[in-house]
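Presented below is the structure to which this report refers.
Quick note on labels: first sequence line is chain A, next is B, and so on, each numbered from 1. This is a predicted model, so every value here is computed, not measured.
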2 protein chains.
Amino acid sequence: MGGPEGARPGDTDQLATRGPVRVVGTGLLGASVGLGLSTRGVDVVLDDPSPTALALARDVGAGRLAAEGDAPPALVVVAAPPDVTARVVAQELGAWPEAVVTDVASIKASVLAELRASGADLTRYVGSHPMAGRERSGPSAALPDLFLGRPWVIADSGTSSADAVLAVRALVVDLGGLPVTMDAAAHDAAVAVVSHVPQLAASLVAARLVDVDDAALGLAGQGLRDVTRLAASSPALWTSILAANAGEVRRVLEAVRADLDQVIAALGAAHDASGGAAVRPGALASIARAIDDGNTGVARIPGKHGGVRRDYGVVTVLVPDEPGELARLLTDVGHAGVNLEDLQLEHAARRPVGMAAISVLPGAVERLETALTERGWRLVR
Amino acid sequence: MGGPEGARPGDTDQLATRGPVRVVGTGLLGASVGLGLSTRGVDVVLDDPSPTALALARDVGAGRLAAEGDAPPALVVVAAPPDVTARVVAQELGAWPEAVVTDVASIKASVLAELRASGADLTRYVGSHPMAGRERSGPSAALPDLFLGRPWVIADSGTSSADAVLAVRALVVDLGGLPVTMDAAAHDAAVAVVSHVPQLAASLVAARLVDVDDAALGLAGQGLRDVTRLAASSPALWTSILAANAGEVRRVLEAVRADLDQVIAALGAAHDASGGAAVRPGALASIARAIDDGNTGVARIPGKHGGVRRDYGVVTVLVPDEPGELARLLTDVGHAGVNLEDLQLEHAARRPVGMAAISVLPGAVERLETALTERGWRLVR
């Protein structure tokens, strides 16, 4: 990667980002920014307090090291841990008095408040946050296309210059991101609900598995796997993110706790009543209401195509667990002329078969079912 | 479906389940039991208080209606809602004094307690619970292979006869389920942790989305979708399940609430400290501990092959959102001679490209990457 072979013909001449771009912090996000820009022909200069991370980022093609005689950067991207971001941004604003500086931290209001308190020149600062990540971290996990198709919040400082905002917007677009304009407070409130609290909920549910016996875990299904997948994330990173967005996360968690308290109280009433007496009217209503609110909430999450979630039809097929079988299935889907909108695999523990749930537009269900049956697939109707 | 065409040659002569089998309650589970047995040539007699559900179950091939001169059933499967299960089981035990009776309710201890209190003949009763379900419900969603490869708990009554246990075990095996022996109390404690609490957690997180604005929802990623997927489930069914397992669910939820309280308190400390003062030592530790415990818990969930989760290698590939592209990719995976262990699709909102994360055994990663690169796929490394 990197170098002229990595440049994509036809991309470079349309790029709006002007180099040199200085990337400070070469973890997953910083190295991916560097890799994405370098691949598209932009001159990227890397920096990181860790010589190891810096060398690794250079080696994966994220950019080059600073050299004497370098032109000053036009744009600085700070990709440091959330709790040091404001300090690094302030240093960079001071060191490069002509540069626009942005950061990619997962929280925006506390960074802005700290910068404001430091007296930094906020006309040249524009906060940002790409909604992208991976389960792996560090420069070796960097991807030039990490930001492709992902929302990328642009949060100006309130006094950012129009030119500074345009420069950051150009960065987002050049890396394939979808610019979303939002102020720092609105951003932090949004990610508390759609990212930080779900992350914590996954951890709290998974934490209950620490002490259960293996027989109980043997009953685990896909639902448990889905709910707890995020719980595999890094404690250090997430502690820092949650602490930096403490106010908003706490506000949402308190609402969760209020609902949880009601459910616990209702279960208490139901439990006391078991053994013969009728359950108190209203006790079960609050359990039903919690689940009903969940129905309403989950239905609001935008689907693949943005906006209102489409109601896909689902065709479920039994797939032998042998090399090439899933490919053969999807080839047959392709031959049916049907576009696959989503695919979920369900695993059967210790069995040589799985199920593939294929989501397609509702009008295509019957055609697909007929085509797959003709080709000998066993459908689960 | 149903009828002689539906019978699978080679299956019938190995079946251990003797008919007639009476299925009482023809929703998703009951109709799937009937369909699975009928398809394998067993005589199934259906019953349901709803004439509509009964007719629909018969029409999808789950079995036939009772007729004069029928032999009495050898086995009765009660697939009624959890809150009426014990009453129906007691009725069936009384009506058919030679039959073994089982039920498939998601909770076992309260059913057994109610039966014991009723003075029913528990030598012929064996509780059971197949860990299977779908997002759709009702007889029209029934599947003959719904139970294939799924754990199916067999919980004897403490005084069940050996013959009764064998009859229920035969049913499980004939339907492709994996028999798991567990007493009613252990079952209920296990499903509280691996199923009921995750279900509620998904609802509580999703409920927070009811009031957020569309801009915030636009930042939703795969993590939120995973955590909240279960929240689409039926309020009526889940209220009934949770109320019937109130004691165990409450116990786990109280542990969740204790962790949640600590996290909220720590966030309060972090929030109060923001603005300059240092965060109190120990405050952040409890946030880190919650996430760390989540790491430990999620690592205990058995993977596809049961037992300890393997560490798969992941190869991530960019896939154009066009018909047949995913099939072409998986065909190329098959040609590389590599077995796909798992596949996750990530969607890019409003972009004509997605990512496929292919899990394979670690030793196969390099071979697969080379093969896919040679065939022109863009890898995300």
If we define contacts as heavy-atom pairs under 4.5 Å, which of Leu219(A), Asp259(A), Val256(A), Thr228(A) has the most with chain B? Leu219(A)
In short, Ala290(B) meets Ser203(A) closest at the heavy-atom pair O-CB, 3.8 Å
For Ala231(B) and Asn295(A), which heavy atoms make the closest approach, and how far apart are they? O-ND2, 2.6 Å
For Asp261(B), what residues pass the side-chain contact (heavy atoms from CB on, under 4.5 Å) criterion, not counting sequence neighbours? Arg257(A), Arg257(B)
Could you measure the distance from the CG atom of Leu318(A) to the CG atom of Leu143(B)? Nearest 0.5 Å is fine. 8.5 Å
Taking every heavy-atom pair that is under 4.5 Å apart, which of Asp214(A), Ile264(A), Leu253(A) has the most such pairs with chain B? Ile264(A)
Who wins among Glu114(B), Met182(B), His335(B) for the most heavy-atom pairs under 4.5 Å with chain A? Met182(B)
Between Ala220(A), Gly221(A), Gly247(A), Ser234(A), which shows the greatest number of heavy-atom pairs under 4.5 Å with chain B? Gly247(A)
Nearest heavy-atom contact between Ala206(A) and Val298(B) is CB-N, 3.9 Å
Can you confirm whether Ile291(A) sits close enough to Leu242(B) that some side-chain heavy atom of one is under 4.5 Å from a side-chain heavy atom of the other? yes
Nearest 0.5 Å, what's the CD-CZ distance between Gln222(A) and Arg150(B)? 8.0 Å
Please find the pair of heavy atoms, one from Gly297(A) and one from Val210(B), that lie closest to each other, and give the distance. N-CG2, 3.8 Å
Name the option with the most non-hydrogen atom pairs under 4.5 Å to chain A; the candidates are Leu204(B), Val333(B), Asp211(B), Val249(B). Leu204(B)
Between Ala246(B) and Ala270(A), what is the shortest heavy-atom contact and its length? CB-CB, 4.0 Å
Heavy-atom cut-off 4.5 Å, strictly under: side chain, backbone, both or neither for Leu200(A) against chain B? side chain
Donor-acceptor under 3.5 Å (Arg300(A) side chain, Val212(B) main chain): yes
Could you note down all residue pairs passing side chain to side chain donor-acceptor pair (under 3.5 Å) where residues 238-247 of chain B supplies at least one of them, sequence neighbours left out? His196(B)-Asn245(B)
Using a cut-off of under 4.5 Å for heavy-atom pairs, which of Arg289(B), His187(B), Arg250(B) has the most such pairs with chain A? Arg250(B)
Taking every heavy-atom pair that is under 4.5 Å apart, which of Ser195(A), Ser233(A), Ala189(A) has the most such pairs with chain B? Ser233(A)
Below 4.5 Å, heavy atoms only, C-beta onward: do Val194(A) and Leu209(B) meet side chain to side chain? yes
Could you have a look at Leu230(B), Thr296(B), Val205(B), Leu260(B) and say which one has the most heavy-atom pairs with chain A under 4.5 angstrom? Leu260(B)
Residue selection (most heavy-atom pairs with chain B, distance under 4.5 Å) from Asp213(A), Leu224(A), Val191(A): Leu224(A)
Lys/Arg N to Asp/Glu carboxylate O, Asp293(B) vs Arg208(A), below 4.0 Å: no
So which part of Val314(A) gets closer than 4.5 Å to some heavy atom of chain B, the side chain, the backbone, both or neither? neither
Which one wins on heavy-atom pair count under 4.5 Å against chain A: Ala201(B), Ala255(B), Ala190(B)? Ala255(B)
The interface call for Glu254(A) against chain B, heavy-atom contacts under 4.5 Å, is both
Of the backbone (N, CA, C, O) and the side chain (C-beta and beyond), which part of Ala215(A) lies under 4.5 Å from a heavy atom of chain B, both, or neither? both
Pro235(B) to Ala288(A) - nearest heavy-atom pair and separation: CB-O, 4.0 Å
If you count heavy-atom pairs under 4.5 Å with chain A, which of Asp226(B), Val252(B), Leu330(B) comes out on top? Asp226(B)
